[in-house]
Amino acid sequence: MPLHTNLASLTNLSTFKVSINNCMPRLSVYKPTKTNDYYFMDRSIREQFSVGGTGVHVHKYVGPAYVGDKKDASQPNYVAGTETDPLNGDFINIDGIINETKVQDLLFMENRDRKYDPDIFELRGVYNVQDTDFDLTQFGLFLSNDQLYMTFHMNEMVEVMGRKLMPGDVLELPHLRDALLLSNDKKAINKYYVVNDANRGAEGFSQTWYPHIWRVKLSPLTDSQEYFDILGDGDDADSLKNDLSTYKTEFNISDAIVEAAEQEDPTGTSLTDHLFGYDHATSGGIVNQNNTYNHGETIASGDQFPSTFNQGDYFIRTDFNPNRLFVRRGSRWHRLYDNVTDQTWTDKTYNASDYINNSNTTVIDDREFNEKTPLSEVIKPKADNT
């Protein structure tokens with residue numbers, strides 16, 4: 001084939017490629033709007049939650065139950081329409097609408113009295129089941145991993161609830177129902193969690209760069225004022241508060257402690273036998289205090305030297321800063337040294353150096369003790385069976 005023929009064929013091929021590129025759109029999974037690709041993936045992800053997720057009952061938070069006090073500026077009265085715009089001071093929310101965006105207490109920025117929807121919504125959620133371990137530390141018994149991270153399908157959640165899960169919502173997990181309690185008269189109860197935080201899950205972004213999964217952070221429900229609308233009143237025997245809360249047990253423990261204290265000390269006299277150096281009160285209510293003691297030689301002090309002295313006498317001049325110690329030798333008062341404790345590097349470094357580096361001694365009942373003493377030496381241990 002001649003050379004000019006090959007060049008012509010290459011020219012035609014390049015022209016064909018340019019024409020093809022001009023006719024076909026550029027390939028891109030991302031689109032400015034949600035296309036059929038997004039909805040196809042969203043339906044597939046939703047099906048995975050429906051098949052493999054666990055059932056979750058949602059107690060939807062609908063807003064503060066307490067509408068405010070007209071005399072308290074920190075608690076706006078939404079019903080009376082006294083909510084004001086912080087920028088221009090105009091009255092807003094004239095219709096008195098109370099929803100999840102309202103705040104009961106503007107001072108502490110909290111909603112202590114919360115209102116929950118009487119209807120319960122059911123969703124499907126997925127989370128990693130983990131063992132709950134107890135840690136016995138010096139401060140008590142704590143749960144080491146009592147928080148859960150659960151994911152939900154975002155569009156299904158909005159379709160069922162009308163909005164996404166937010167902090168304040170309460171989730172009830174029926175699959176964690178405890179039906180094997182030690183007492184036969186106890187009812188089987190579900191596990192309740194509170195939503196503390198919510199955001200888009202990193203694993204929920206598909207190839208179209210749109211999110212599909214909503215991730216929430218959960219903590220166990222506690223018996224507090226915020227969830228009164230769910231737990232109910234403890235006076236009602238059928239209320240959830242009696243099944244979940246331990247307030248009655250805590251009251252019984254407190255009453256038992258008070259009863260034991262009354263039996264241990266029926267007259268109300270302070271138990272001071274185990275306290276070191278404590279002067280016991282007499283029957284007349286006067287405390288015996290003996291502040292006189294003989295602890296050997298003392299050094300005289302004052303703001304001027306004494307008029308009468310002997311050779312070898314020591315004297316501390318308190319008008320010097322720091323105080324200065326002198327000794328009488330011959331016809332002069334010789335300077336020995338200054339009390340420079342407050343000028344050492346430790347005093348300039350530590351705020352409580354006088355307490356940390358306390359090497360002073362004190363006298364109690366003609367006996368000298370170190371002021372820096374372990375607490376175990378001051379308060380003697382007392383046996384439980386005495």
(request) To the nearest 0.5 angstrom, please state how far the CG atom of Asn370 sits from the CG atom of Asn358. (result) 8.5 Å
(message) Is the shortest side-chain heavy-atom distance between Pro64 and Ile98 below 4.5 Å?
(response) yes
(message) Are Trp214 and Thr151 packed together at the side-chain level, in the sense that at least one heavy-atom pair is separated by less than 4.5 angstrom?
(response) no
(request) Please say whether the positively charged group of Lys34, taken as NZ for Lys or CZ for Arg, lies over the ring of Tyr210, i.e. under 6.0 angstrom from the six-membered ring centre and within 45 degrees of the axis. (result) yes
(request) Please examine the side chains of Asn155 and Asp42, heavy atoms only from C-beta on, and report whether any two atoms are closer than 4.5 Å. (result) yes
(request) Answer yes if Ile189 and Val170 sit in the same cluster of Ile, Leu, Val, Met, Phe, Trp and Tyr residues linked by side chain heavy atoms under 4.5 Å apart, and no otherwise. (result) yes
(request) Examine distances only and state if a side-chain atom of Ser44 and a backbone atom of Phe40 form a donor-acceptor pair shorter than 3.5 Å. (result) yes
(request) Over all heavy atoms of both residues, which pair between Val216 and Ala198 is shortest? Give the atoms and the distance, please. (result) CG1-CB, 3.8 Å
(request) To the nearest 0.5 Å, tell me how far Lys191 NZ sits from Leu218 CG. (result) 11.5 Å
(message) For Asp303, I'd like to know if atom CG has over 12 heavy atoms of other residues, nucleotides or ligands within 6.0 Å.
(response) yes
(request) Answer yes or no: are there more than 12 heavy-atom neighbours, outside Arg200 itself, under 6.0 Å from its atom CZ? (result) no
(request) Answer yes or no: is there a side-chain heavy-atom contact under 4.5 Å between Lys164 and Val158? (result) yes
(request) State the CZ-NE2 distance between Arg43 and His153, to the nearest 0.5 angstrom. (result) 10.5 Å
(message) Heavy-atom count check: over 12 atoms from other residues, nucleotides or ligands less than 6.0 Å from Lys102 NZ?
(response) yes
(request) List the atom of His59, the atom of Tyr116, and the distance in Å for their closest heavy-atom pair. (result) O-CD2, 3.5 Å
(message) Does Val103 form a side-chain contact (heavy atoms from CB on, under 4.5 Å) with Met109? I'd like the steps, not just the answer.
(response) CA-CA 7 Å; Val103 180; Met109 295 300 296; 4.3 Å; yes
(request) Take Arg112 and Asp105 through the test salt bridge (charged side-chain N to carboxylate O under 4.0 Å, His left out) and record every step on the way to the result. (result) CA-CA 8 Å; Arg112 294 181 296 271; Asp105 195 329; 2.9 Å; yes
(request) Check whether any side-chain heavy atom of Phe326 lies under 4.5 Å from a side-chain heavy atom of Leu336, and answer yes or no. (result) no
(request) Verify, without hydrogens or angle tests, whether Glu371 (side chain) and Ser359 (backbone) share a donor-acceptor contact under 3.5 angstrom. (result) no
(message) Can you confirm whether Trp209 sits close enough to Val29 that some side-chain heavy atom of one is under 4.5 Å from a side-chain heavy atom of the other?
(response) no
(message) Against the six-membered ring of Phe320, is Arg317 placed for a cation-pi contact (under 6.0 Å from the centre, within 45° of the normal)?
(response) no
(request) With His212 as reference, evaluate Tyr38, Tyr39, Phe205 under the ring pair (Phe, Tyr, Trp, His ring centres under 6.0 Å) test and give the passing residue. (result) Tyr38
(request) Enter the distance from Leu148:CG to Lys217:NZ here, rounded to the nearest 0.5 Å. (result) 11.5 Å
(message) My understanding is that only one of Leu173, Leu240, Leu171 makes a side chain to side chain contact (heavy atoms under 4.5 Å, CB included) with Tyr192; could you say which?
(response) Leu240
(request) Please test Phe369 against Thr361 for side-chain contact (heavy atoms from CB on, under 4.5 Å), starting from the C-alpha separation and ending with a verdict. (result) CA-CA 5 Å; Phe369 300 93; Thr361 60; over 6 Å; no
(request) Is it possible for you to say whether Tyr193 and Met161 belong to one hydrophobic cluster, with membership spreading through side-chain heavy-atom contacts below 4.5 Å? (result) yes
(message) Can you confirm whether Gln304 is buried at CD, in the sense that more than 12 heavy atoms of other residues, nucleotides or ligands lie under 6.0 Å from that atom?
(response) no
(message) If I compare all heavy atoms of Phe152 with all of Met157, which pair ends up nearest, and what's the gap?
(response) CB-SD, 4.4 Å
(message) On a heavy-atom basis, which atom in Asp223 and which in Leu231 lie closest, and how many Å separate them?
(response) OD1-CD1, 3.6 Å
(message) Please find the pair of heavy atoms, one from Tyr30 and one from Thr208, that lie closest to each other, and give the distance.
(response) CD1-O, 3.6 Å
(message) Using every non-hydrogen atom in the two residues, find where Tyr127 and Met150 come nearest and quote the distance to one decimal.
(response) CD2-CE, 3.2 Å
(request) Would you check if there is a donor-acceptor pair between the side chains of Thr318 and Asn323 at a distance under 3.5 Å? (result) no
(request) Kindly state whether the ring of Phe315 and the ring of Phe305 have centres lying under 6.0 angstrom apart. (result) yes
(request) Assess whether side-chain contact (heavy atoms from CB on, under 4.5 Å) is satisfied between Tyr149 and Gln130, documenting all intermediate values. (result) CA-CA 11 Å; Tyr149 293 90; Gln130 56 187 355; over 6 Å; no
(message) Any salt bridge linking Glu159 with Arg46? Criterion: basic side-chain nitrogen under 4.0 Å from a carboxylate oxygen.
(response) yes
(request) Using the side chain to side chain contact (heavy atoms under 4.5 Å, CB included) rule, pick out the option among Val160, Asp169, Leu165, Val56 that qualifies with Phe121. (result) Val160
(request) Would you please say whether a donor-acceptor pair under 3.5 Å links the side chains of Asn111 and Glu226? (result) no
(message) Any non-hydrogen side-chain atom of His57 less than 4.5 Å from a side-chain atom of Pro174?
(response) yes
(request) Would you check if Phe228 and Asp113 make a side-chain contact, meaning some heavy-atom pair closer than 4.5 Å? (result) no
(message) Pairing donors with acceptors under 3.5 angstrom, does anything connect the side chains of Arg177 and Asn190?
(response) yes
(request) Say whether Leu123 and Val195 are linked into one hydrophobic cluster, either directly or through other cluster members, by side-chain heavy-atom distances under 4.5 angstrom. (result) yes
(message) Could you check whether atom CG of Asn360 has more than 12 heavy atoms from other residues, nucleotides or ligands sitting under 6.0 Å from it?
(response) yes
(message) Would you compute the distance between atom CG of Asp197 and atom OG of Ser219 and round it to the nearest 0.5 angstrom?
(response) 11.0 Å
(request) Evaluate side-chain contact (heavy atoms from CB on, under 4.5 Å) for Val327 paired with Arg335, printing each intermediate quantity in order. (result) CA-CA 7 Å; Val327 62; Arg335 170 185 172 183; over 6 Å; no
(request) Working to the nearest 0.5 Å, report the span between CZ of Arg124 and CD of Glu47. (result) 10.5 Å
